[in-house]
Amino acid sequence: MVARSAAALVTHPLHVITLRCMVQFIGRETKYSGLFGSIATIYREEGILGFFAGFIPRLLGDIFSLWICNMAAYLINKYALENGAVCEMKSYSRAFTGFLASILTYPFVLVSNIMAVNNCGLAGGLPPYAAAYTSWTDCWTQLSKEGNINRGNSLFFRKVPAGKSYVVAHKRFY
């Protein structure tokens with residue numbers, strides 16, 4: 001758990017830079033360009049804390065994911081797969097529990113990513129594209145109220161976020 005937390009602490013600034021570079025595509029902006037330019041921009045505008053925007057929900061999600069994965073794997077291996085009868089299945093229990101943990105902790109990933117770009121000066125992190133949140137708990141509460149806390153969680157089964165409607169235009173080609 002300590003190693004995973006340390007890894008999150010070290011890599012989160014790079015994660016923030018990556019997300020902001022992707023989000024600037026929405027407004028066709030060029031505020032963040034290159035690693036060193038992005039570091040300078042974040043430090044100049046937000047200080048050292050700008051590199052850790054969204055860090056708390058990411059850390060909590062990583063810790064909960066690790067706990068869920070290890071607990072579920074232990075329970076499966078101990079009680080569901082007894083006495084080596086299905087020894088080869090034990091290797092799959094880790095993969096299954098990792099998948100289960102990622103589903104259960106996805107809201108932490110979502111909130112972390114939203115907070116990393118929230119109110120950073122990019123169009124994608126400001127209204128009307130995104131709400132301005134005061135804290136990660138504010139973000140979590142708002143997404144929960146809207147029914148959007150799991151938006152983007154499924155690769156195959158997508159849903160329109162609550163409160164949104166989209167018109168799909170069909171164009172005929174002859």
Side-chain angles (χ1 to χ4, degrees), residues 1-69 98-168:
M1 187 171 67
V2 172
R4 189 121 170 217
S5 299
L9 181 69
V10 170
T11 61
H12 194 74
L14 297 173
H15 185 68
V16 169
I17 291 170
T18 302
L19 288 171
R20 291 182 181 187
C21 285
M22 287 187 268
V23 167
Q24 71 183 358
F25 178 76
I26 293 170
R28 307 226 190 281
E29 298 154 296
T30 56
K31 185 175 182 179
Y32 299 96
S33 59
L35 178 63
F36 298 112
S38 298
I39 290 171
T41 301
I42 292 173
Y43 186 74
R44 183 177 353 104
E45 293 182 2
E46 301 172 59
I48 197 76
L49 292 179
F51 294 105
F52 296 97
F55 179 68
I56 298 298
R58 179 180 177 193
L59 182 63
L60 290 173
D62 281 352
I63 290 170
F64 291 152
S65 177
L66 189 62
W67 286 351
I68 292 167
C69 189
F99 178 70
L100 176 68
S102 71
I103 289 172
L104 294 175
T105 59
Y106 177 77
F108 290 97
V109 174
L110 176 65
V111 170
S112 175
N113 289 344
I114 290 172
M115 291 308 294
V117 299
N118 183 55
N119 209 14
C120 68
L122 295 173
L126 297 168
Y129 296 107
Y133 301 107
T134 56
S135 69
W136 73 270
T137 54
D138 180 37
C139 177
W140 185 290
T141 303
Q142 185 66 29
L143 290 173
S144 295
K145 283 180 186 174
E146 295 172 352
N148 291 327
I149 197 68
N150 281 310
R151 71 178 190 202
N153 191 14
S154 175
L155 183 62
F156 299 108
F157 303 104
R158 307 301 266 179
K159 70 173 192 147
V160 175
K164 302 280 184 185
S165 62
Y166 296 97
V167 176
V168 178

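Index from 1, following the sequence. For clarity, every value in this text was computed on a predicted model and none was experimentally measured.
- Using cut-offs of 30° and 60° on the angle between ring planes, the pair F64 and W67 is tilted.
- When side chains are defined from C-beta on, F55 does not count as touching V16, because their heavy atoms never get closer than 4.5 Å.
- Residue A132 comes nearest to P127 through the heavy atom pair N-CG, 4.4 Å, listed as atom of the first residue, atom of the second, then distance.
- Annotation: side chain of I63 is not in contact with side chain of R4 (no heavy-atom distance under 4.5 Å).
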Worked check of side-chain contact (heavy atoms from CB on, under 4.5 Å) between N113 and H15: CA-CA 9 Å; N113 289 344; H15 185 68; 2.9 Å; yes
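- The shortest non-hydrogen separation linking L9 to P13 is O-CD, 3.5 Å.
- Rounded to the nearest 0.5 Å, atoms CD1 (I114) and CD (Q142) are 10.5 Å apart.
- Taking each heavy atom of G125 and A130 in turn, the nearest pair found is C-CB, 4.1 Å.
- Looking at L35 and L14, their side chains come closer than 4.5 Å, going by heavy atoms from C-beta outward.
- When atom types are taken as modelled, the side chain of S112 and the backbone of F108 share no donor-acceptor pair closer than 3.5 angstrom.
- Rounding to the nearest 0.5 angstrom, the gap separating the CG atom in L19 from the CE atom in M115 is 12.5 Å.
- A 4.5 Å side-chain heavy-atom check between Y133 and V111 finds every atom pair outside the cut-off.
- Taking CD1 of I42 as the reference point, atom CG of L49 lies at 12.0 Å (rounded to 0.5 Å).
- The CD1 atom of I26 lies 10.5 Å from the CG atom of L126; values are rounded to the nearest 0.5 Å.
- Within the structure, every pair that satisfies the side-chain hydrogen bond (donor to acceptor under 3.5 Å, both in side chains) test and touches residues 41-51, not counting sequence neighbours, is listed here: R20-E46, K31-E45.
- Rounded to the nearest 0.5 angstrom, L143 CG and N148 CG are separated by 6.0 Å.
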Residues L122, Y32; criterion side-chain contact (heavy atoms from CB on, under 4.5 Å); working and verdict: CA-CA 10 Å; L122 295 173; Y32 299 96; 3.7 Å; yes
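- A side-chain hydrogen bond (donor to acceptor under 3.5 Å, both in side chains) check over residues 49-66, counting only residues at least two apart or in different chains, returns the pairs T11-R58, H12-R58.
- Of all non-hydrogen atoms in P107 and N150, the two that sit nearest each other are CG-OD1, 3.5 Å.
- A search for side chain to side chain donor-acceptor pair (under 3.5 Å) contacts involving S102 returns nothing, not counting sequence neighbours.
- The distance from the CD1 atom of I17 to the CD1 atom of I39 is 4.5 Å, given to the nearest 0.5 Å.
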